[in-house]
Student: 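The structure follows.
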Amino acid sequence: MAKKIKSKRHKKKGATVQALIGIKCFTEYGLETNGGELLFFTVTPTNISVLSATSIETKIRQLMFVLSAFPDIEIACTDSSECFDLNKAYLEERAAIENNHKIRKLLLRDSTFLDEIQMELTTARQFLFIAKSKNMSAQQVFAYKNNIEKVITEQGFETHRMKKEEIKRLLALYFDASLYGEQLPDVDGAQHFNI
C-alpha cells in the first residue's frame, strides 16, 4: 500500500503544467497539442456600428461561408492585455479594513487608476480563428493553413496566421502569467543554461 502511494506522489510530482493542459510543443505553423496541431489566425474586427444593415448582413454571410468551409474551425475572443480585477479587489478589500484615512485614500486612488487603465485596455480585444489539423504531415499542414488564410481573406476579413511569439503572448495573457509572454523561454529554465 505504501509503495502505491509513493508511486502516485512521484507521478504527480513529475507532471508539468504543459502536460496538464495538453501542450506538447510549438511547431512551424502553430502549437502541437494532445488533440493535434492548432493553427491560430487573428482577425481584425470590423466596426459594425458604422455599417448599414445590408453591409452587416453581408458580413454575416461571409462569416457563415468561412464557418461552412471549415466546420471544425473555432472562434475565440480574448483580451489582448492583462486584467486587473484581482488587483482591484485586493486594493478595495485593503481600503475597507485600513484605519489610516490617508492610506485608505491612496488605496482607493490606486483602484481608480487601475479602472482607468482597464478602460483603455478593454477595447483592445483580439479575435481569433483556431483550426485543428490532426494526423497531417508538415506539407499538408502548410497547404491547410494557406487554404484557411485564403478563404478568410477572400471573404473580406483581414487576417494573418499567428507566429510563435504571438501565440506565446496569447497563452501568457490567458494564464495570467505576463503581459510580455513573447519574451518567455520556450522551455522553463532554459535561459539559465548555456547550451
Student: Shortest non-hydrogen contact from Ser137 to Gln140?
Tutor: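 Closest approach of Ser137 to Gln140, heavy atoms only: N-OE1, 2.8 Å.
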Student: In Å, rounded to the nearest 0.5 Å, how long is the span from CG of Leu31 to CE of Met162?
Tutor: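 One finds 10.5 Å between CG of Leu31 and CE of Met162.
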Student: Going by salt bridge (charged side-chain N to carboxylate O under 4.0 Å, His left out), name the residues that satisfy it together with Arg104, two or more places apart in sequence or in a different chain.
Tutor: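 Testing Arg104 for salt bridge (charged side-chain N to carboxylate O under 4.0 Å, His left out), a comparison that skips the adjacent residues, returns none.
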Student: Is there a path of hydrophobic side-chain contacts, each under 4.5 Å between heavy atoms of I/L/V/M/F/W/Y residues, joining Leu39 to Phe26?
Tutor: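 They do not share one cluster, since no chain of ILVMFWY contacts under 4.5 Å joins Phe26 to Leu39.
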Student: Looking at every heavy atom in both Thr42 and Thr159, which two are closest together, and how far apart are they?
Tutor: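 Minimum heavy-atom separation between Thr42 and Thr159: O-OG1, 2.6 Å.
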Student: Does Lys59 NZ have over 12 foreign heavy atoms under 6.0 Å away?
Tutor: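 Enclosed: over 12 neighbouring heavy atoms sit under 6.0 Å from NZ of Lys59.
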Student: Which value, rounded to the nearest 0.5 Å, describes the distance between Ile152 atom CD1 and Arg161 atom CZ?
Tutor: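 Separation between the atoms: 12.0 Å.
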Student: Yes or no on side chain to side chain contact (heavy atoms under 4.5 Å, CB included) for Leu63 and Gln155, after CA distance, side-chain angles and deciding distance?
Tutor: CA-CA 7 Å; Leu63 179 59; Gln155 291 307 310; over 6 Å; no
Student: How long is the span from the CZ atom in Phe129 to the CG atom in Leu67, to the nearest 0.5 Å?
Tutor: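 Here the interatomic distance stands at 6.0 Å.
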Student: Identify all side-chain donor-acceptor contacts of residues 91-98 below 3.5 Å with residues at least two apart in sequence or on another chain.
Tutor:
residue : atom : partner : partner atom : Å
Glu92   : OE2  : Lys88   : NZ           : 3.0
Glu92   : OE2  : Ser111  : OG           : 3.2
Arg94   : NH1  : Glu98   : OE1          : 2.5
Arg94   : NH2  : Glu98   : OE1          : 3.1
Glu98   : OE2  : Asn100  : N            : 3.1

Student: Report the C-alpha separation of Ile167 and Lys164 in whole Å, then their side-chain angles, then the decisive distance to 0.1 Å, and conclude whether the side chain to side chain contact (heavy atoms under 4.5 Å, CB included) test is met.
Tutor: CA-CA 5 Å; Ile167 297 169; Lys164 180 180 179 179; 5.8 Å; no
Student: Decide yes or no on side chain to side chain contact (heavy atoms under 4.5 Å, CB included) for Phe40 and Glu166, but give the supporting numbers first.
Tutor: CA-CA 9 Å; Phe40 297 86; Glu166 294 171 293; over 6 Å; no
Student: In Å and rounded to the nearest 0.5 Å, what is the CD1 to CD1 distance from Ile148 to Ile73?
Tutor: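 Spacing of CD1 (Ile148) from CD1 (Ile73) equals 5.0 Å.
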Student: If you group Ile, Leu, Val, Met, Phe, Trp and Tyr by side-chain heavy-atom gaps below 4.5 Å, do Ile60 and Ile48 land in one group?
Tutor: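 Yes: a chain of side-chain contacts under 4.5 Å links Ile60 to Ile48.
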Student: Is there a path of hydrophobic side-chain contacts, each under 4.5 Å between heavy atoms of I/L/V/M/F/W/Y residues, joining Val66 to Val43?
Tutor: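 Hydrophobic grouping puts Val43 with Val66.
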Student: Calculate, to the nearest 0.5 Å, the distance between atoms CD and CD belonging to Glu37 and Glu28 respectively.
Tutor: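 Answer for the CD-CD pair, Glu37 versus Glu28, is 9.0 Å.
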Student: Please list, chain by chain and in numerical order, all residues satisfying salt bridge (charged side-chain N to carboxylate O under 4.0 Å, His left out) with Glu32, sequence neighbours excluded.
Tutor: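 Counting only residues at least two positions away or on another chain, Glu32 forms no salt bridge (charged side-chain N to carboxylate O under 4.0 Å, His left out).
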Student: Are Leu38 and Phe127 connected, step by step, through hydrophobic side chains (Ile, Leu, Val, Met, Phe, Trp, Tyr) whose heavy atoms are closer than 4.5 Å?
Tutor: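 The answer is no; the residues belong to distinct hydrophobic clusters.
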Student: Any chance you could measure Leu128, atom CG, to Leu170, atom CG, to the nearest 0.5 Å?
Tutor: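 Nearest 0.5 Å value for the CG-CG distance: 6.0 Å.
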Student: May I ask whether Ile23 and Ile130 are part of the same hydrophobic cluster, defined by side-chain heavy atoms of I, L, V, M, F, W, Y residues being less than 4.5 angstrom apart, directly or through others?
Tutor: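 In one cluster with Ile23: Ile130, yes.
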Student: Excluding sequence neighbours, so at least two apart, what forms side-chain contact (heavy atoms from CB on, under 4.5 Å) with Thr44?
Tutor: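 With neighbours one apart ignored, the set is Glu158.
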Student: Can you name the residues that form a ring-ring contact (aromatic ring centres under 6.0 Å, His included) with Phe142, not counting sequence neighbours?
Tutor: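 Applying ring-ring contact (aromatic ring centres under 6.0 Å, His included) to Phe142 gives Tyr29.
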Student: Can you name the residues that form a salt bridge (charged side-chain N to carboxylate O under 4.0 Å, His left out) with Lys150, not counting sequence neighbours?
Tutor: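 Scan of Lys150 (salt bridge (charged side-chain N to carboxylate O under 4.0 Å, His left out), adjacent residues dropped) gives Glu154.
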